[in-house]
Amino acid sequence: MSTEEKPAAAPRSLAEALRGRDDVSLAALLRSRPDLVTPVPTDLTQLATRAGTRASVVRALERLDRFALQTAQALAVAGDPASYGELLGLLAGDDGDPAVEAALPHTLGTLREQALVWGDDTRLRLVRTARELLSPSPQHPSPTGLGPSVREATAGMSPGRIQEIVATAGLPSTHDSVSAVTALTALFDDPARMSALLDEAPSESVEVLERLVWGPPYGQVTADPAPRLRWLLDRGLLLPTAPGTVVLPREVALRLRAGRAHRRPEPVPPPVEAAATHRPQVVDATAAGQAYTASVTVEELLKDWHEGGPAVLRAGGLSVRDLKRTAVALDVTEPVAAFWVELAYAAGLLASDGEAEERYAATPAYDEWREQPPAERWARLAAAWLTATRTPGLVGGRDAKDRTLSALGPGLDRSAAPEVRHRVLTLLAGLPEGAAPSAESVLARLHWERPPRGGGQGSGDGDDLRTRLARWVLSEAETLGVTGRGALSAHGRALIGAPAPRRPEAEPEGPGDKLPVHHRPAPPPAPLSPAEQAAATAAAARLLAPLLPEPLDHVLLQADLTAVAPGPLERPLADTLGVLADVESKGGATVYRFTPGSVRRALDAGRTAADLHAFLAAHSRTPVPQPLAYLIDDVARRHGHLRVGAASAYVRCDDDAVLNEILADKRAAGLGLRRLAPTVLAAQAGPAGLLEGLRAMGFAPAAESAEGDVLISRADAHRTPPRTAPEPVPEGPPVPDDTLLAAAIRAIRAGDLASTAPRKPAAGDGADSGEPPRTTAADTLATLQAAVLTGGSLWIGYVNAEGAASQRVIAPVRVEGGFVTAYDHTADEVRTYPLHRITGVAELADDEG
């Protein structure tokens, strides 16, 4: 007669629960909590221990969505263990809630997957550390607003007082305090009897309960409580916890709340709503314009720092004065200037030069970047922004030591920034094409997915870091051209690897229409891997390229010594014109102004007057105005008439009358000039200072080399050594890939096999305690040799060369020369072990199956 199979026994610990999981479930646990796999646990018992440590549990709780956190909070105030029905009642209340009933199985599965909850539906247990963190106490009130249970609140109360409360509540007296507390708890848990008791309560007493019911449950009383409080105290509806302090027991609060642990359970994430909608073509065109402006602004910033930018502060970073100068030069506000500076740094286009007097300058990568097509230049900036942990919005704030945070300085890394950027853009991608979300609905959704610290329901903490990061993302995405008019553009959607957009079912009636988007409560998608991000960036560049304006090969010269560029210019034309003229205004058309200084700058760069005339004639759609031609000829005629070289410095000129004029000028006193010859003056000032001084006096000197050749000065002469872009600061351990997970699970399983293999009891060994065996060298050798003859398996304790102890299950094959060769079941391979490193051996018990 065959015997019926016995049902599997319920796990008695988290380790046993993990031991019953398959490899897929263990991989899901290690992927959701990567700190558990660093380093790889030796067995499942160590994995369970690590999963219950305070730091790991806190990290896991902080990554739960609001309903998962509410579920964990409800379990913390439920019995231990609790049934599924009890948990459902705490979340849905006595009247039930279909949304809670539908969402709870998935959420409970998530908590089980992350090893925060274990046990079957009849005996659900929250891991001890999580219960300690979430259970209510006077020092740490529960976000549920519930207080201690009747049993906990009466723990220090005298038996006589407990009997008085029982009698006043209308219950029969008992012989001991335990049964009295049980009877009082049963009264509060009984809806009918509880309603009858509250019907007798004075209205003032009911008002006191209503003030405490949703928390905080603690109140203050005097030594002689008022009648409304005395009525509650006499019946145990309020219980004293300390002198002058009373608490509303948990059972009473739950009856008054109709059984709900939370005032507002939130099983479904709030929808992201559209504040306005635009035609997709308008969104893409607007975003493309912003994208082009972004590339031009970064180029303008670094062009301004070609000859060496601002000095690096001693503590690192850009000074407040230099940031203001940069903002004026870019014609933007200081926060926006900080964004452009940090973006160029994140993209590897800007760095410090590492000299003794350290300054910021463009990197060699900047020259490569300038030669790329406009769409690819933008894509590099956007990809750097998306993955950077540096946060420009913090510039101007204070660190933990009350020091000002400066642009390019330390202290700006926030490891959550990439995840928040990716998530905000993903939420925008979930809207219909052309829909711009309201910022508040985006923040509400982020608060649901990752509640601010404290985890209180309905928390509207607007100052937490993730909220500020989300607001900055919405602003920076618009500035960078990822979004247009608040809606995600086609190239912005490609940048994050989002699928094709949803089309709205109907045309909106106006900009104020609300378009709710419903999301299933599924975990947010993870950011792309480096390879996936590279492919997405390339796709974004391909989509953006047709939207950018074609560069022009001409300008319009005007008689007022200006040139108008009606659009973006080709690179050679823009570079030459940027040297020959100064930018006067920007916008849809750029206006350049020709001045004596700008013309001299072009001549200093090696151009001749004939070159400049030919350049303007070739690239102007209008005739070269006569005033401009005269200006070029006049400056060229005087340019190089004076020569400055290094002696400390000297001035030479074929016309001694000019040198006489310089010596007679009072403004030359600071240059320390003296005549060496009729055509040569020597100066105490250096060549650079002498050039500046003579130019300030109205002359147009040219620098020359030691051989007497005119030196050509180029604006892009200064570059830093090759630099790499700053590495993002990771948020905790990285998520392990599939290869590492497979290896880790294999090692954990093998180690668990070694630690749980049944062993024959022997006096003095650790077989029953689970500790590695301890045997003498002679007993170890004899046991190993016997196992070779019988073909049996042994449990050994082993210490490797680094001193790390482990347990292994081996099948010895050969013992000789101080070594044992055996098949190692733990490693699933044949290995050789020195006998002196084996701490002990034990025989495995016979397999009864």
Side-chain angles (χ1 to χ4, degrees), residues 69-82 86-87 89-91 93 124-166 168-169 171 174 176-190 194 197-198 205 208-221 225 229-263 454-457:
L69 191 58
Q70 287 181 334
T71 302
Q73 292 163 354
L75 273 173
V77 297
D80 186 25
E86 182 181 355
L87 175 62
L90 287 171
L91 290 168
L124 294 172
R125 292 183 183 273
L126 194 65
V127 294
R128 181 179 303 174
T129 307
R131 177 173 286 276
E132 292 172 355
L133 290 169
L134 298 177
S135 294
S137 69
Q139 295 77 23
H140 304 286
S142 169
T144 62
L146 294 171
S149 64
V150 173
R151 189 174 304 278
E152 293 167 345
T154 57
M157 191 176 294
S158 67
R161 177 58 182 152
I162 295 176
Q163 294 295 338
E164 290 176 6
I165 292 174
V166 168
T168 307
L171 298 173
T174 63
D176 58 84
S177 298
V178 174
S179 57
V181 170
T182 302
L184 192 60
T185 302
L187 168 64
F188 295 155
D189 284 338
D190 189 327
M194 186 68 177
L197 180 62
L198 292 176
S205 299
V208 173
L209 296 178
E210 290 175 348
R211 288 200 299 270
L212 299 177
V213 65
W214 291 108
Y218 294 91
Q220 301 296 319
V221 296
L229 297 175
R230 173 57 62 190
W231 192 93
L232 297 172
L233 288 166
D234 289 345
R235 289 156 182 80
L237 296 174
L238 290 181
L239 294 172
T241 59
T245 303
V246 295
V247 68
L248 180 68
R250 185 183 307 167
E251 293 84 353
V252 176
L254 287 173
R255 284 303 98 214
L256 296 174
R257 298 179 178 193
R260 284 181 292 154
H262 297 86
R263 177 176 292 193
Q457 56 190 26

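Values below: every heavy atom of this structure, side chains too, minus hydrogens, waters and symmetry copies.
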Walk me through it: do Leu254 and Leu90 pass the test side chain to side chain contact (heavy atoms under 4.5 Å, CB included)?
CA-CA 8 Å; Leu254 287 173; Leu90 287 171; 3.9 Å; yes
Would you give the length of the straight line joining atom [atom1] of [X] to atom [atom2] of [Y], rounded to the nearest 0.5 angstrom?
X	Y	atom1	atom2	value
Leu256	Leu248	CG	CG	6.5 Å
Arg211	Leu209	CZ	CG	9.5 Å
Glu152	Ser135	CD	OG	7.5 Å
Leu133	Leu126	CG	CG	9.0 Å
Leu75	Arg131	CG	CZ	7.0 Å
Thr71	Leu91	OG1	CG	5.0 Å

Spell out, as yes or no, whether a donor-acceptor pair under 3.5 Å connects the side chain of [X] to the backbone of [Y].
X	Y	value
Glu164	Asp234	no
Arg257	Ala261	yes
Glu86	Gly79	yes
Arg255	Glu251	no
Arg250	Val77	yes
Thr154	Met157	no

Sort out for me which residue in Thr245, Leu212, Val246 forms a side-chain contact (heavy atoms from CB on, under 4.5 Å) with Tyr218.
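Only match with Tyr218 under side-chain contact (heavy atoms from CB on, under 4.5 Å): Thr245.
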Give the intermediate values and the outcome of side chain to side chain contact (heavy atoms under 4.5 Å, CB included) for residues Arg151 and Thr182.
CA-CA 8 Å; Arg151 189 174 304 278; Thr182 302; 3.4 Å; yes
I'd like to know whether Met194 forms a side chain to side chain contact (heavy atoms under 4.5 Å, CB included) with Leu237, so could you lay out the CA-CA distance, the side-chain angles of the two residues, the decisive distance to 0.1 Å, and finally the verdict.
CA-CA 10 Å; Met194 186 68 177; Leu237 296 174; 3.7 Å; yes
